[in-house]
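Structure first, commentary second.
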Amino acid sequence: MALSTAQPTGEDLATRVVRVGLGARQYDILIGTGLLPQAGDLISALAPGTRAAVVTDATVAPLHLATLEASLTEAGMLAGSITLPAGEASKSFAELEPLCARLLDLGIERSDSVVALGGGVIGDLAGFAASVLRRGVRLVQIPTTLLAQVDSSVGGKTGINTAHGKNLIGAFHQPALVIADLDSLHTLPEREFKAGYAEVVKYGLLGDRGFFDWLEANWQGVVSGDLAARAHAVEISCRAKADIVEEDERETGRRALLNLGHTFGHALEAFAGYTGRLLHGEAVAIGMMLAFQFSEELDLCPGEDCARVAAHLKAVGLPTRVRDFSTNDWPTPETLLPLIAQDKKVKAGKPAFILVRGIGDAFVEPDVPMDKLEAFLDRKCSGR
Ligand code: NAD
Ligand code: GLY
């Protein structure tokens, strides 16, 4: 398996702290190295004398669970661990119900914690279970993928998928602490790391042109495992997300910008059937490219910005075109438009899109001309 980097260097970085300021529900995101072995102390400091149940997946468990369990045992708070199958299919009612039952079997009470150890799938599922268990128990996120460290573990969106689409059942349930240990990224396959990198690029594209400039100059360090570069990329991403969530926790306005590339991306992901042919971050990379190209077609975005985005995503090795994944049949406007219509930003049947005036300047467009959208999709789906 190709890993995202060489093995851990043993180098220690000063821990960076990003605070998500939500009044009584404010919390910290800790970003650094060597944090997982300290998780027990960090969590027990939040709620002395309480217990914690870990939820993880079958890929992460053999890599990182023993370290976390030892730390929680040392702190006197391990109630038990639950290991679920890895993969998007676990974000389902079928896994939620037995998960809740097992948390109750472990005796998790209102004052105890659910600790999500894994990528966005485990964070979203365990987070949703924490939001409904006894009407809400404490959630600690320990994200182990880049995507989860820069996006899904922060901001409180939790949920599962249904036959109707992705993330359609869920709750806002903020964590009490996020522990992003950069060491856990050493075991992440390169393809997963790069998929997470798409969400890092997203922050530059939606609101921080200077960060995009930095990524163009430093992406090789981030991808190859330079810890200082990784820490910077994760910190800036988390700060950007924290700023938006502080202003618009429930996505009544500006938070929708975090969905840059997701309207197209979610439709492609649904088309690909969540099979691993197209990872979430890869779908977002294609979706962001389509958002830039569609914005250029609407005379909103300069062509040179589109070209820069395409060049960067391609240099990193991310897909940029509708046909950049392996499939037996290609998506068409007829297959994608009904999937786009399931998007959570649909209002009165009209999908809202996140469009751009350029790199670092995204906005919500609730009234996209449907004839232009169909013609655009027609060309993109046929590879033009
Ligand atoms: P994932 O959780 O499926 O993880 C990807 C793969 O990597 C899995 O096979 C997992 O077992 C494995 N893995 C995780 N950590 C590892 C490690 N350190 N070493 C080796 N393997 C490891 O996927 P993801 O990309 O982390 O998250 C995608 C999910 O996140 C989607 O369901 C998406 O909808 C959700 N998401 C949620 C939000 C939010 O705000 N809640 C935001 C973005 C994405
Ligand atoms: N990932 C989108 C959001 O958290 O709002």
Side-chain angles (χ1 to χ4, degrees), residues 1-5 8 20 36 55-65 67 83-92 116-128 131 139 141-161 165-168 170-175 178 180-200 202-203 206 237-238 240-242 244-245 247-262 265-266 269-270 274 276 278-284 344-345 354:
M1 177 178 14
L3 299 181
S4 61
T5 176
V20 185
L36 192 59
V55 182
T56 190
D57 76 28
T59 303
V60 175
L63 299 169
H64 302 293
L65 180 59
T67 307
T83 300
L84 302 171
E88 188 70 31
S90 284
K91 271 176 62 173
S92 63
L117 174 72
V121 164
I122 286 299
D124 281 11
L125 174 66
F128 188 38
S131 80
L139 170 66
Q141 293 273 13
I142 307 188
T144 61
T145 63
L146 180 62
L147 182 140
Q149 294 192 351
V150 299
D151 193 356
S152 60
S153 66
V154 176
K157 281 189 181 175
T158 72
I160 57 173
N161 308 324
K166 236 172 114 71
N167 302 328
L168 293 179
F172 285 96
H173 189 60
Q174 298 291 345
V178 180
D181 188 338
L182 301 171
D183 291 337
S184 61
L185 302 179
H186 291 302
T187 57
L188 194 63
E190 183 175 343
R191 185 175 169 211
E192 293 287 354
F193 188 91
K194 287 184 174 173
Y197 183 86
E199 301 276 11
V200 174
K202 180 183 79 178
Y203 294 108
L206 75 85
S237 301
C238 288
K241 182 148 186 186
I244 291 176
V245 168
E247 187 184 311
D248 180 23
E249 184 183 4
R250 297 269 166 156
E251 198 169 312
T252 54
R254 190 171 162 229
R255 185 165 180 168
L257 298 182
L258 293 172
N259 292 314
L260 175 63
H262 285 59
H266 277 164
E269 218 183 337
Y274 312 111
L278 187 65
L279 301 179
H280 175 72
E282 293 170 340
V284 168
K344 288 185 296 309
K345 295 183 294 306
I354 313 305

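None of the values given here were measured: they were computed from a predicted structure. We count ligands from 1, going down the list as the structure has it; atoms in each ligand are counted the same way. Basis for what follows: all heavy atoms, side chains included, without hydrogens, waters or symmetry-related copies.
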Numbering the atoms of ligand 1 from 1, which are under 4.0 Å from a heavy atom of [X]?
X: Leu63; value: 19 (N), 20 (C)
X: His64; value: 18 (N)
X: Glu88; value: 31 (C), 32 (O)
X: Gly119; value: 2 (O), 26 (O)
X: Lys91; value: 31 (C), 32 (O), 33 (C), 34 (O), 35 (C)
X: Asp57; value: 10 (C), 11 (O)
X: Asp151; value: 42 (C), 43 (C)
X: Thr59; value: 11 (O), 21 (N)

Mode of [X] contact toward ligand 1 - side chain, backbone, both, neither (heavy atoms, under 4.0 Å):
X: Ser152; result: both
X: Asn167; result: side chain
X: Asp124; result: side chain
X: Leu188; result: both

My understanding is that only residues two or more places apart in sequence, or in another chain, count here; which of them pass side-chain contact (heavy atoms from CB on, under 4.5 Å) with Asp124?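 Once residues adjacent in sequence are excluded, the partners of Asp124 under the side-chain contact (heavy atoms from CB on, under 4.5 Å) criterion are Lys91, Ser152, Asn167.
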
I'd like to check the side-chain contact (heavy atoms from CB on, under 4.5 Å) partners of Thr158; sequence neighbours left out, ordered by chain and number.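 Partners of Thr158 under the side-chain contact (heavy atoms from CB on, under 4.5 Å) test: Phe128, Ser131, Ala171, His173.
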
Taking side chain as C-beta onward, heavy atoms only, is [X] less than 4.5 Å from [Y]?
X: Thr56; Y: His64; result: no
X: Leu206; Y: Ile354; result: no
X: Asp57; Y: Val121; result: no
X: Arg191; Y: Lys194; result: no

Separation of [Y] [atom2] from [X] [atom1] (nearest 0.5 Å):
X: Glu192; Y: Thr187; atom1: CD; atom2: OG1; result: 11.0 Å
X: Glu269; Y: His262; atom1: CD; atom2: NE2; result: 8.5 Å
X: Ile160; Y: Ser90; atom1: CD1; atom2: OG; result: 11.5 Å

Quick check: does Lys202 get an N/O under 3.5 Å from an N/O on ligand 2? no

Non-hydrogen atom of Gly155 closer than 4.0 Å to ligand 1: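 Outside the 4.0 Å threshold, so no.
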
Work out whether the distance between some heavy atom of His186 and some atom of ligand 1 is less than 4.0 Å. no

Closest to [atom] among [options] (heavy-atom distance):
atom: atom 6 (C) of ligand 1; options: Glu192, Lys241, Arg191; answer: Glu192
atom: atom 26 (O) of ligand 1; options: Thr145, Leu279, Leu258, Val150; answer: Thr145
atom: atom 34 (O) of ligand 1; options: His280, His266, Lys166, Glu199; answer: Lys166

With a cut-off of 4.0 Å, which atoms of ligand 2 are near a heavy atom of [X]?
X: Asp151; value: 1 (N)
X: Glu251; value: 5 (O)
X: Lys241; value: 1 (N), 3 (C), 4 (O)

Indicate the atoms forming the closest heavy-atom contact of Ala198 with Gly281, along with that distance. CB-O, 3.2 Å

Would Glu88 and His280 count as having a side-chain donor-acceptor pair, cut-off 3.5 Å? no

Verdict with supporting geometry, Ile142 and Asp181, side chain to side chain contact (heavy atoms under 4.5 Å, CB included): CA-CA 8 Å; Ile142 307 188; Asp181 188 338; 5.7 Å; no

Could an N or O of ligand 1 be found under 3.5 Å from any N or O of Thr144, whether backbone or side chain?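 There is such a contact, yes.
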
Should Val121 be counted as touching ligand 1, given the test is an N or O pair under 3.5 Å? yes

Kindly indicate, with the supporting measurements, whether the criterion side chain to side chain contact (heavy atoms under 4.5 Å, CB included) is fulfilled by Ile122 and Val60. CA-CA 10 Å; Ile122 286 299; Val60 175; over 6 Å; no

Checking side chain to side chain contact (heavy atoms under 4.5 Å, CB included) for the pair Lys241/Asp151: CA distance, chi angles, key distance, verdict? CA-CA 7 Å; Lys241 182 148 186 186; Asp151 193 356; 2.6 Å; yes

